[in-house]
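This is the structure, below, for whatever I ask next.
We count ligands from 1, going down the list as the structure has it; atoms in each ligand are counted the same way.
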Amino acid sequence: MQASYGELRPPERVLMGPGPSDVDPRVLRAMSTPLVGHLDPAFLACMDDTMALLRTVFQTQNRFTIPVSATGSAGMEAAFVNVIEPGETAVIGVNGVFGERMCDVAGRCGARVVRVDQEWGKAIPPEAVAEALRGVRPKVVAVVHAETSTGVLQPIEEIARLARAAGALLLVDTVTSLGGVPVTVDAWGADVVYSGTQKCLSCPPGLAPITFSERALAVVRGRSRKVQSWYLDMTMIEKYWSGERVYHHTAPISMIYALREALRLIHEEGLEARFARHRRNHEALAAGLEGMGMRMFAEEAHRLASLNTVCVPEGADDAAVRKRLLEEFGIEIGGGLGPVKGKVWRVGLMGYSSKAANVLALLSALERILGRTGGVAAAAERLRAA
Ligand SMILES: *Cc1c(COP(=O)(O)O)cnc(C)c1O
């Protein structure tokens, strides 16, 4: 039997879920430009630009600031697998899915994991980290800056201070914050910070930007045994991204073209303007949802502008509402994970997707589906005041 496969024609969606976010057409165009070899001088220049632009968004001087060739989770894995040796202790903040994933990854690296648990929807209090640090000699302290499962933005400064005082390296997950809310690697004094391309950087999924402080690199170089993962061994990858240009694996050329273009867009917009845009649209969305009588899930003091969690209203059918949003309005939002499955919706306002038009379109669609009013008006009012 002869199968017939048609041309792929994906539907047009407005991506307002927990990632991927919408991509600027300039990024898609950059991806479709001709391939060159991964050691071509033209590509080496593209790599250098990408590293320089990444340092700007991470707000760091770290020389070793590169994209790992895989999605955000590989950034997480690269962070742990390079600095942890079996038997060492990792103190990890857990207030959602991604803190939980960190524990899994660290455990697989042979770490003794000390969890600092907090209720979902709340930030981890520094006192709880201080408590966990008492009597242990951790190699790392790790936290998620932007918990995509709950919409909580974790303050880093105090935890960074505690980690340093304990002689530990600080690992931070900025997958849903980089390029949307301030990530200040050097000001924090963080040692290993990673992200992903498909959230606030508004690039397709496929790369994980990561940065290592000199202190962290010294730890990696001073290991008593090799990094367990050949693919993610930064001592080898460093030789490709630095002056030596030694082949390790074939760089995903087109993805790096895309990232460079996405970073150029951020550079043109300016970090402060971009953060202000994310904040403005987040506030308009929250005002709109509350204007419709709905309740935000994350505690007010620690709400994340790029990922908004709202409680599913009484009587509404979680999956049915999301299905109608997608099918009738072309809008994707996310459902809850784990303990908040069926209880919250997750609305991403990340990068190119963070626009007033998207906020108003979603609220208008929700008004229709839920038979409520007041959302669009409240958001429009907030946008006018901004
Ligand atoms: C999405 C996400 C990840 C994982 O990234 P993938 O690209 O899905 O592998 C890790 N941490 C956080 C906080 C995320 O939001």
Residue and atom name of the nearest protein heavy atom (relative to atom 3 (C) of ligand 1), distance in Å to one decimal: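 The answer is Phe98 CE2, 3.4 Å.
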Lys199 contact mode with ligand 1 (heavy-atom cut-off under 4.0 Å):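 Only the side chain of Lys199 comes within reach of ligand 1.
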Heavy atoms of other groups near Glu328 CD, more than 12 under 6.0 Å: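 Atom CD in Glu328 is packed in, count exceeds 12.
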Numbering as shown, the atoms of ligand 1 that approach Ala146 to under 4.0 Å (heavy-atom distance):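 By the 4.0 Å cutoff, the relevant atoms are 13 (C).
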Ser213 and Asn62: CA distance, side-chain angles, deciding distance, side chain to side chain donor-acceptor pair (under 3.5 Å) verdict: CA-CA 6 Å; Ser213 69; Asn62 289 343; 5.5 Å; no
Residue Arg295 excluded, over 12 heavy atoms near CZ under 6.0 Å: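 Counting neighbours around CZ of Arg295, 12 or fewer heavy atoms of other residues, nucleotides or ligands fall under 6.0 Å, so no.
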Check ion pair Arg115-Glu100 (N to O, under 4.0 angstrom):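 Judged by the 4.0 Å cut-off on N to carboxylate O distance, Arg115 and Glu100 do form a salt bridge.
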Contacting atoms of ligand 1, where contact means under 4.0 angstrom from a heavy atom of Arg101: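 Heavy-atom distances to Arg101 below 4.0 Å select 4 (C).
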Taking atom 11 (N) of ligand 1 as the reference point, the nearest protein heavy atom with its distance: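 Its nearest protein heavy-atom neighbour is Asp173 OD2, 2.7 Å.
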Closest protein heavy atom to atom 15 (O) of ligand 1, given as residue, atom name and distance to 0.1 Å: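 Protein heavy atom with the smallest distance to atom 15 (O) of ligand 1: Thr148 OG1, 2.3 Å.
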Atoms in ligand 1 with a heavy atom of Thr176 nearer than 4.0 Å: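 Every atom of ligand 1 under 4.0 Å from some heavy atom of Thr176: 15 (O).
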Any donor-acceptor N or O pair under 3.5 Å, side chains Thr56, His267: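 Their side chains do not contain a donor-acceptor pair, so the 3.5 Å distance test is not met.
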Element-labelled atoms of ligand 1 that are located less than 4.0 Å from some non-hydrogen atom of Gly72: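 Atoms satisfying the 4.0 Å criterion: 5 (O), 6 (P), 7 (O), 9 (O).
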Carboxylate-amine/guanidinium contact Arg161 Glu157, below 4.0 Å: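 No, Arg161 and Glu157 are not salt-bridged.
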Salt-bridge contact Asp24-Arg26 (side-chain N to carboxylate O under 4.0 Å):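 Result for this pair is no, no salt bridge flagged.
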For ligand 1, the portion of Pro205 having any non-hydrogen atom under 4.0 Å away: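 Neither part.
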Close N or O approach (Gln198, ligand 1; < 3.5 Å):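 There is such a contact, yes.
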N or O contact, Ser73 vs ligand 1, cut-off under 3.5 Å: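 Yes: some nitrogen or oxygen of Ser73 is under 3.5 Å from one in ligand 1.
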Arg245/Asp48 salt bridge by N-O under 4.0 Å criterion: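 Yes.
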